[in-house]
Amino acid sequence: MILLDVLSALGLLLGTLILIVTALGVVRFPDFYSRLHAAGKGDTLGLAFVLLGLVATAGLSLVSLKLVFIVFFVFVLNPTATHALARGAWVCGVRPWRATGEPFLQREGQMTDEERDEVVDDHTGGA
Amino acid sequence: MMRPHTESLVVRFIARRSVPFIQLFALYVVAHGEDGPGGGFQGGVIFASAFILLALTEGWGRGRSRMPEPVSDALMPAGALLYAGIGLVALLLGGGFLQYASLAVGGDQHAQHLAHHFGLIGIEVGVTITVAGSMVTLFFEMARPKHFLNVPRRRRRHRPDPDA
Amino acid sequence: MLEFLLSHYNYAIYIALMMIGLYAILARGNLVKKIIGLNILQTAVFLFYISIGKVDRGTVPVIWPAGERPPGFENVPYENPLPHVLMLTAIVVGVSVTAVALALIVRIKAAYGTVEEDEILEADELRDREGDA
Amino acid sequence: MDASLPALVVVVPMLAAILTALAGRWWRRHAWPVALLATAFAAAGSLRILWRAVHEGVVLYRMGGWPVPTGIPYRIDLLNGIVLAMVACVSFLSVLWMRESVKREIRQAGQASYYAVVLLFTTGFLGITITGDVFNLYVFLEIASITSYVLVAMGRRREGLFAGYQYLILGSIGATFVLIGIGHLYMATGSLAMTDIAARLSGALVDHPSVVHTSFAFITVGLAIKMALFPLHSWQPGAYTYAPSSASLLMAATATKVAAYAFYRFAFTVFGTHYVTARLPQVMDGIMVMAAAAMVVGPLFAVRQDNLKRMLAYSSVGQIGYVVLGAALVNASAMTGSIAHFWNHAASKGALFAVVGIVVLRSGSPHIDNLRGLGRRAPWTAAAMTVAALSLVGVPLTGGFVTKYYLALGTLETGRGVLLAFILLSSLLTAVYMWRCLQRVWFADPDLEPAVTREAPWTMRVATLTFGAACLVFGVFAWIPVDIASAAARALLGEN
């Protein structure tokens, strides 16, 4: 019993720690991609630890089964969503940040600025 | 016009596989509405989100083809009709408006109890249908790309030169 | 005074949110931002309702079958569920208003080519003057 | 059937709205008959309920069979009955009137949905009027408001979109204020049924007086926005001007007055006459000043307008002053005048907007010069307009005179004779802008070619003439509305 309690406490602690680090990263990182990097990875792992810690408290029950389901879906869906976001940003021409401040020119697969304007217009029913 | 399918294989694969789970979860939420957190409104929104996910990953047109305009247009009033209809039937059977127990005409107390439950679930299903239809319609109408149909891929729109 | 504020902090928060919402509605020229302000205003009301339904040390308002109350819940009061139910309705209403507003904004953008209030008013005035001439 | 009539009056238009929305896609032409039948049922039902209220005093209906503090009661006394009959009859006549207008002004694919929205609009206002539960009142208020935003935006000109948006912003703020007020009321009394709150209020006033005052303030300001009381009226002219003619007709004749009814209901039933007179006399004085200002400022703006719809919209700003003045004076005679004005204003403003709608249908624009020669080419329409204009001014033998007579009586009885000057000035200004119209209708230069060349279609003519005839009936057989209105006023004030 005590072992389970310790496990649960460990999971919750580790999970919240990772989530705090994630939040810090989202606030402190310089551009979209690095923030996404922090949010996508940290969120998934932190949430998983918290939920697994809760599973340890709940023991073998329906609640645990539901929690395990949530962990599974978070593990599958969070990276997918992050991937979709990053790819979308890349295609739309969001340029990564450079410490030296040199411009990051357009690469293959990215839209040019004019193309992006067109897409924005298309989506807002522009004039 | 933007390239219609920019989403990667991974995203499309995962999104398509998760649609049935989302819909199942929506039904679970609706069924739980009677004696726990959940209910028609929440369930309807979740149900609609499955179609919205499809549209986000597969493009507007293929998303719409899973829930064509006539269908979603009909769903909204149909759900409301179910709701008002149950209320009206209860009223015509001699009870009050939405007095579900009177749906069990001549039944004993147990039957009335059952009728109350079924009336409530019927109402919830009506709400679900209406909300799902409304949410899908809202999304597709707001996100409708300009000149959605018959636009060749990668067409450049003619723009007058501002300096000329 | 401070004690009064601390014991009534939920009202302070709801009034602050309400003022933020009203400010956004009045001061912003962008139609979408006005709607966001309206949503903040409505959220303030939801918060107000939910906070008045709170009962000190109250538990979930669930009727347990006789003798099945979990230990520790024998003699506790329960929260007032009515404000929650009312807010469920009010949230639905708020969503509907937002939906209508967004639909209007989409049509306005198509008709005027802008979602800025001053530009729309300018366009209307221009048209009025042309209509008179 | 008779017992559940209060529920049916609201449910039938709602069901009809759903059916038109569902089937309108395939059977577009059946939308109008369905709407007409539903509103006819509502009109007949509400008249029957008014009849019962006159004879039984109060008609009570419990939703879902729940007892009063738990469930939602529908409670109709004389005040409700009057407003209910007004809303239902105006809706019926408007739907009868609107067929040709809708064909002309709404694009074909949207016509069925237009009727659905009109029916929902009616449902909302019937619900506000009939319900005895304050939160239910808020929900119906929002149903009515959302549908009116949509109706305004369905006009053909793009200005309508922005007018609808502005109405939405202000209307939502008003409704949210009402919701906050209801929340405070619930906090103070722990109940939502109107009669129940009224019974518990004296206790709440001892324990938490400031909560009750806050509630009254929020509800009053919220409803003042909804009823377009003078300094808060800025949404109204744009909304009425750019809405489709049929929506202008429906809204002008019902919308703001139902909000005014809600104010009566809150001030005198929920909070109680004693509360507003003994605890808040200054507030009622303030509302009186606003009403008096509205009575003069509305017509003052109307005089300068060349757009008939905008002129009538400003006129409505003035007319709501008459409705509110009776409440602010808290006097049986004045209130009789105001309550009778629910009917009188619906009849006269309905007729005027119906005529303007006909002018728009036949000539394409609501400019005042398009009235020229109307008397020669469309005598029936012109006659209805003349009667309605006279009623709006307050000429004897028309409904408007009855209102003004009782309001004047009330001002003298309460010793506020100054208000008499406001009433007279308001009537004078009304006479000025109505004369601008009537002069063009009857005394236009015969050489000019009239913009309106022939009579309106029969559906429109019947509805317009009924509105016009109502102005006369309420003036000649004045005891019918006055008896009911004075009974309602005395019941509200607790005098018997």
Side-chain angles (χ1 to χ4, degrees), chain C residues 11 14-15 18 21-22 25-26 28 31 34-35 37-53 80 82-83 85-87 89-90 92-113 115 117 120-121 123-125 127-128 131-132, chain D residues 69-70 117 120 133-136 138-143 145-173 175-188 190-192 211 214 218 222 238 242 306-307 365 367:
Chain C
Y11 303 116
Y14 121 73
I15 289 167
M18 199 168 104
L22 278 175
I25 295 172
L26 296 178
R28 295 290 152 192
L31 302 188
K34 274 176 189 284
I35 295 303
L38 195 64
N39 281 332
I40 296 175
L41 178 66
Q42 284 166 341
T43 311
V45 184
F46 305 155
L47 183 69
F48 164 64
Y49 266 80
I50 302 244
S51 71
I52 63 174
N80 184 354
L82 188 64
V85 178
L86 299 184
M87 280 314 98
T89 315
V92 176
V93 167
V95 169
S96 320
V97 171
T98 312
V100 171
L102 289 177
L104 278 180
I105 292 172
V106 169
R107 302 264 309 266
I108 286 175
K109 170 81 180 174
Y112 287 87
V115 289
E117 193 176 21
I120 293 169
L121 289 173
D124 276 353
E125 237 166 64
R127 194 152 150 176
D128 275 359
D132 289 346
Chain D
T70 319
V117 177
L120 271 183
D133 180 281
V134 285
F135 194 80
N136 199 229
Y138 163 76
V139 173
F140 276 121
L141 186 71
E142 282 286 23
I143 293 177
S145 307
I146 293 172
T147 46
S148 15
Y149 312 146
V150 175
L151 283 181
V152 170
M154 273 176 129
R156 272 187 311 173
R157 288 168 61 106
R158 66 174 187 176
E159 283 91 338
L161 293 172
F162 193 56
Y165 180 85
Q166 282 177 318
Y167 182 16
L168 183 141
I169 291 286
L170 272 174
S172 300
I173 294 176
T176 309
F177 276 18
V178 172
L179 182 61
I180 296 173
I182 290 170
H184 281 90
L185 211 51
Y186 178 71
M187 195 165 120
S191 179
L192 289 170
V211 179
T214 315
F218 270 116
Y242 298 118
D306 283 336
N307 183 326
S365 124
H367 195 275

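All chains are named by letter (A, B, ...) in the order of the sequence lines, taking the proteins before the strands, and each is independently numbered beginning at 1. Predicted model only: the values in this text are computed from it and were never measured.
- Closest heavy-atom contact between C/Y14 and D/H184: OH-CE1, 3.1 Å.
- Among C/N80, C/L104, C/I25, the residue making the largest number of heavy-atom pairs under 4.5 Å with chain D is C/L104.
- Counting heavy-atom pairs closer than 4.5 Å to chain D, the top-ranked of the candidates C/L121, C/I105, C/I35 is C/I35.
- If you tally non-hydrogen atom pairs under 4.5 Å between each of D/I180, D/L161, D/D306, D/I169 and chain C, the highest count goes to D/L161.
- Interface remark: C/A123 contributes backbone and side-chain atoms alike to the contact with chain D (heavy atom separation under 4.5 Å).
- The parts of C/L31 that come within reach of chain D are both its backbone and its side chain, each placing non-hydrogen atoms under 4.5 angstrom from that chain.
- With ring centers used as reference points, D/Y138 lies under 6.0 Å from D/F135.
- For the pair D/L179/C/Y49, a side-chain contact is recorded, criterion being any heavy-atom separation below 4.5 Å from C-beta on.
- With a 4.5 angstrom heavy-atom cutoff, C/L22 touches chain D only via side-chain atoms.
- Two residues are said to be in side-chain contact when any heavy atoms from C-beta on lie closer than 4.5 Å; D/L192 and D/I182 meet this criterion.
- Heavy-atom minimum distance, D/A153 versus C/R107: O-NH2, 4.3 Å.
- Chosen from C/I120, C/V93, C/L86, C/V100, the residue pairing most often with chain D at heavy-atom distances under 4.5 Å is C/L86.
- Between D/S148 and D/Y167, the shortest heavy-atom contact is OG-OH, 3.6 Å.
- Interface residue D/Y165: backbone and side-chain heavy atoms are both found under 4.5 Å from chain C.
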